[in-house]
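See structure below.
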Number of protein chains: 4
Amino acid sequence: MDEIDIDIVANPDLESPVLIEGLPGVGHVGKLVAEHLLEEKESELVRRVYSEYLPPQVSVGDDGTAALVCVELHALTLDGQDVLVLTGDYQAQDNVGHYRLTNAFLDIAEEFGVERVFALGGVPTGELIEEYAVLGAAATTEFVDELEGAGVEFREDEPAGGIVGTSGLLLGLGGRRGFEATCLMGETSGYLVDPKSAQAVLEILQKVLDFEVDFSSLEERAEEMEEVVNKIEEMESQSQQASLPSDDDLRYIG
Amino acid sequence: MDEIDIDIVANPDLESPVLIEGLPGVGHVGKLVAEHLLEEKESELVRRVYSEYLPPQVSVGDDGTAALVCVELHALTLDGQDVLVLTGDYQAQDNVGHYRLTNAFLDIAEEFGVERVFALGGVPTGELIEEYAVLGAAATTEFVDELEGAGVEFREDEPAGGIVGTSGLLLGLGGRRGFEATCLMGETSGYLVDPKSAQAVLEILQKVLDFEVDFSSLEERAEEMEEVVNKIEEMESQSQQASLPSDDDLRYIG
Amino acid sequence: MDEIDIDIVANPDLESPVLIEGLPGVGHVGKLVAEHLLEEKESELVRRVYSEYLPPQVSVGDDGTAALVCVELHALTLDGQDVLVLTGDYQAQDNVGHYRLTNAFLDIAEEFGVERVFALGGVPTGELIEEYAVLGAAATTEFVDELEGAGVEFREDEPAGGIVGTSGLLLGLGGRRGFEATCLMGETSGYLVDPKSAQAVLEILQKVLDFEVDFSSLEERAEEMEEVVNKIEEMESQSQQASLPSDDDLRYIG
Amino acid sequence: MDEIDIDIVANPDLESPVLIEGLPGVGHVGKLVAEHLLEEKESELVRRVYSEYLPPQVSVGDDGTAALVCVELHALTLDGQDVLVLTGDYQAQDNVGHYRLTNAFLDIAEEFGVERVFALGGVPTGELIEEYAVLGAAATTEFVDELEGAGVEFREDEPAGGIVGTSGLLLGLGGRRGFEATCLMGETSGYLVDPKSAQAVLEILQKVLDFEVDFSSLEERAEEMEEVVNKIEEMESQSQQASLPSDDDLRYIG
């Protein structure tokens, strides 16, 4: 096996496809979006990317068969818009790996004629969220303007530490290579898998790419998570009443 | 020295050999099985694999001579079945090393005409075990079926985190390269070297490969471990009586 | 992208330029100096150095556009003295990266005809500072003598652990390659961004390179930091009165 | 700079030289021995080994000049026995670096016609020591026998974890390359720099290589350390009387 080893599974002709990336990250927001698209739409696996920068690991399927960890690209169509969806269970495990794998992903995107890249992720707020904003960053001011029109928020100094990992590099390396790239980040507490944040990101994508997708399975999952959140809040409020003097003091608890 | 440096010690003609891997890991289950086979059967050292991915270390023998850390492959016969046994004191120390060393092991297996690979290990349960099940994963559904017939259990979502390290990659990379590969994992508490779990794995191997091996030395070692376990349990129950209210509460202690 | 990827933005003719390096480090002293020079003087961006040894990250500007993390070199003139200023938001993330990036920086310096290298940094004292000394180390005794004449202090066994990172290597690798190199380190508590320490280093640079620069913006920032320090000291003295027996004991608190 | 960069400072003709390695490690035993030989005998610097596997760092001399971290080889003569002494302030910082640097050291040894390699170090006992034994391991049984005759102890299962780092690899890689190699390890508590352990190792070297060296400076340093040890013991005995029931219990304190 080479450092990066790509299985060419299919080579469909795609018309002006966009790349949508959703790997695991904060709140699993990006991955939830990518998986939701693959569940709701018919798709075709086109590439498997294996690499020694991924964990030395197999995942085991329900039938007992094992598969080497990889990143997959599927082709699908969203109401006429061809899309390559990039997802998987792991990101690269070190800095060099992030750079090399992201470059490999962009090479594949180039092969298929991709011009626009949507890297998806979550941005942690550290607290439970009522209104799910979607923050953005993009390679060009033109793309910033277009996305702002679709409801994406661009805030000064946010996200504070910049954007790291595959999403950051798809934007950074992609921009340098001439892709029209953006990273869309759903606000999320950062503590839990967050289907509501994923839905907020999907709504932006719908506007920008002009398609519609059914949200019901995502909403169900959101309701399940909400029950978890409610239980946690209940437990927290009980323990706070027991050990803490007043609500005011709680403001300073990280 | 190259990145990976292989001493060719012997090149015996083997007839349809299988590869059995037992490197250190959870409960030392795989290593105990490999060592037991090497103790009970006559064997011939065929390869020593040195690598800068292994620790920078020598082990010192009883006669005061030192040997550079390596992984060894021995050839032996189990009631007519030729076998390559892969074992050693260490696995690779990082991700890239795991990929490259496992590929080197598969290259050697290929040279000897190996078609079937048995990677052995333990799966931690977190509690002391009465009935030692052997969990499995395999590269193909055919091999899953055959192993299930021999008593291997294939459970949905187990092992939860997939299989990591050399065993995982022998299965994952081996499967990709066309080997009929499996990973057999004896259940074990995960806290102690576990000869009973090793015996459970050996019993499966006996059925699948149709051979018999004497278990007495492994049973002795199991009895020694059992005494250790009993002492630990005794100490635990004393400390529990002292500090904990009831047995019911103990169920929730990890 | 290669391991190190250099954008050639401009190639101005520079006359006997010196290299001044100010990357993030102890007290951000070096970076404050480099940034102050870029704020006060007109400058021209000449190189962007991208590398997989830098974090896999983009920074996001106020207009929502993202830029891949890099190290930049700007050309400017300090009262007739041509200067290359090297700065950025990150240093290399591992040992090998430090060596390779520093060599790349020296290659660029060589291209522009640089003979003298000033690596800037801070040296932590562990306590708040009244008089800001600037410690030095240099590649040759001649340079040591010259810098001593300008007020740089050369103290036996300081800094105790040697000088690490890009600054250390610009001096060590630079010296080996024949550059007249020095590292100038402003004393700083090590706890806070320290504009006063940066001013002390700038004052040395003014003498050695014979230029003048306005300090007012740096002094403002120093006053802001002083308010922060005062608040911290106030809080400390209150908590000390509450829990500690006497001022004498505090001397031994790290 | 290459991965490993060797300055050829001098190329004296040496007659059947041996290599003595003393890099920093447990109790600094090996480094103390190497430094003592360099202090007591006239020596000539023959090689400086620079490498990106060493820390990215310069050390600063008393005259304010800085030198890139390196490993040095000096030639000297011990009563007619030519010797290459290998020492420095750092070992390699990772596994691969240990392998590659040690191979580079052995290449240099080969150039000078070295046949015997003495890697020196300390073996931690975890307690203060009365009688300083020197443990050994060697590449061949012949060398084991010779060293045993000189008072080196070869004990089953010691050192328990094998020998790691440069010393281990000089023995392991050296043995594979045909050097007559040994690692001599002075017993030491492991908590402090240990000149007494260094003296014990030197006494063995004197017997094996048939030379004499003045110990007085090492003895002085040992006395200084002894005072430190006495103070620590005093403090310990006081704190034990205060908080612990009896001396018997102390046996179990690690």
Side-chain angles (χ1 to χ4, degrees), chain B residues 1-9 23-24 28 31 35 45 47-73 87-104 165-166 193 221 224 231-232 235 238-239, chain D residues 3 23 53 91-104 106-107 117 119 121 123 135-148 152-177 179-185:
Chain B
M1 201 177 100
D2 294 322
E3 200 178 78
I4 294 173
D5 205 0
I6 301 175
D7 272 9
I8 299 177
V9 183
L23 288 171
H28 272 228
K31 187 168 160 63
E35 280 179 347
L45 176 64
R47 294 285 186 282
R48 278 195 211 93
V49 180
Y50 298 97
S51 173
E52 55 189 37
Y53 294 116
L54 295 171
Q57 191 168 340
V58 289
S59 52
V60 183
D62 289 348
D63 64 353
T65 60
L68 186 58
V69 157
C70 69
V71 171
E72 293 184 344
L73 287 109
T87 191
D89 289 334
Y90 295 94
Q91 299 214 10
Q93 300 292 294
D94 60 19
N95 288 359
V96 170
H98 274 302
Y99 276 93
R100 299 204 182 162
L101 275 173
T102 304
N103 258 322
T166 307
V193 171
R221 214 163 154 186
E224 287 166 27
K231 277 190 194 148
I232 291 172
M235 284 162 63
Q238 286 171 355
S239 72
Chain D
E3 199 177 78
L23 288 171
Y53 294 116
Q91 300 213 10
Q93 301 292 293
D94 61 17
N95 288 359
V96 169
H98 274 301
Y99 276 93
R100 297 202 183 164
L101 274 174
T102 304
N103 258 322
L106 290 169
D107 289 344
V117 174
V123 61
L135 301 194
T140 62
T141 50
E142 292 75 28
F143 206 10
V144 170
D145 291 345
E146 182 188 337
L147 293 163
E148 209 159 21
V152 178
E153 294 188 23
F154 291 84
R155 296 186 197 150
E156 261 185 49
D157 295 326
E158 285 198 49
I163 307 168
V164 297
T166 308
S167 290
L169 287 187
L170 280 172
L171 179 47
L173 289 172
R176 285 196 72 214
R177 288 175 61 162
F179 288 90
E180 204 170 9
T182 181
C183 183
L184 302 178
M185 293 155 283

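The analysis underlying the following values was restricted to heavy atoms, covering all of them including side chains, and did not include hydrogens, waters or symmetry mates. Chain naming here is simple, since letters A, B, ... match the order of the sequence lines and numbering starts at 1 in each.
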* To do: Report the option among Gly136(D), Gly175(D), Gly161(D) that has the most heavy-atom pairs separated by less than 4.5 Å from atoms of chain B.
  => Gly161(D)

* To do: Tell me, out of Val144(D), Val164(D), Ile163(D), who's got the most heavy-atom pairs with chain B below 4.5 Å.
  => Ile163(D)

* How long is the gap from CG on Leu169(D) to SG on Cys183(D), to the nearest 0.5 Å? -> 10.5 Å

* Structure fact -> Rounding to 0.5 Å, atoms CG (Leu171(D)) and CD (Gln57(B)) come to a distance of 11.5 Å

* Got a sec, which residues hit ring pair (Phe, Tyr, Trp, His ring centres under 6.0 Å) with Phe154(D), two or more places apart in sequence or on another chain? -> none

* **Segment of Thr140(D) engaging chain B (4.5 angstrom heavy-atom cut-off)** => backbone

* Checking Ala66(B) against chain D: side chain, backbone, both or neither under 4.5 Å from a heavy atom? -> both

* To do: Could you tell me whether a side-chain N or O of Thr65(B) sits under 3.5 Å from a main-chain N or O of Ala138(D), the two making a donor and an acceptor?
  => no

* Main-chain N/O of Glu3(B) paired with Ser51(B) side-chain donor or acceptor, under 3.5 Å -> yes

* Asked: Does the side chain of Val152(D) reach to within under 4.5 Å of the side chain of Leu184(D), using non-hydrogen atoms?
  -> yes

* Enumerate by number any residue of residues 91-103 of chain B whose heavy atoms lie under 4.5 Å from heavy atoms of chain D; in the absence of such residues, state 'none'. => Gln93(B)

* How would you list, by chain and number, every residue that makes a salt bridge (charged side-chain N to carboxylate O under 4.0 Å, His left out) with Glu158(D), sequence neighbours excluded? -> Arg155(D)

* Asked: Excluding sequence neighbours, so at least two apart, what forms salt bridge (charged side-chain N to carboxylate O under 4.0 Å, His left out) with Arg221(B)?
  -> none

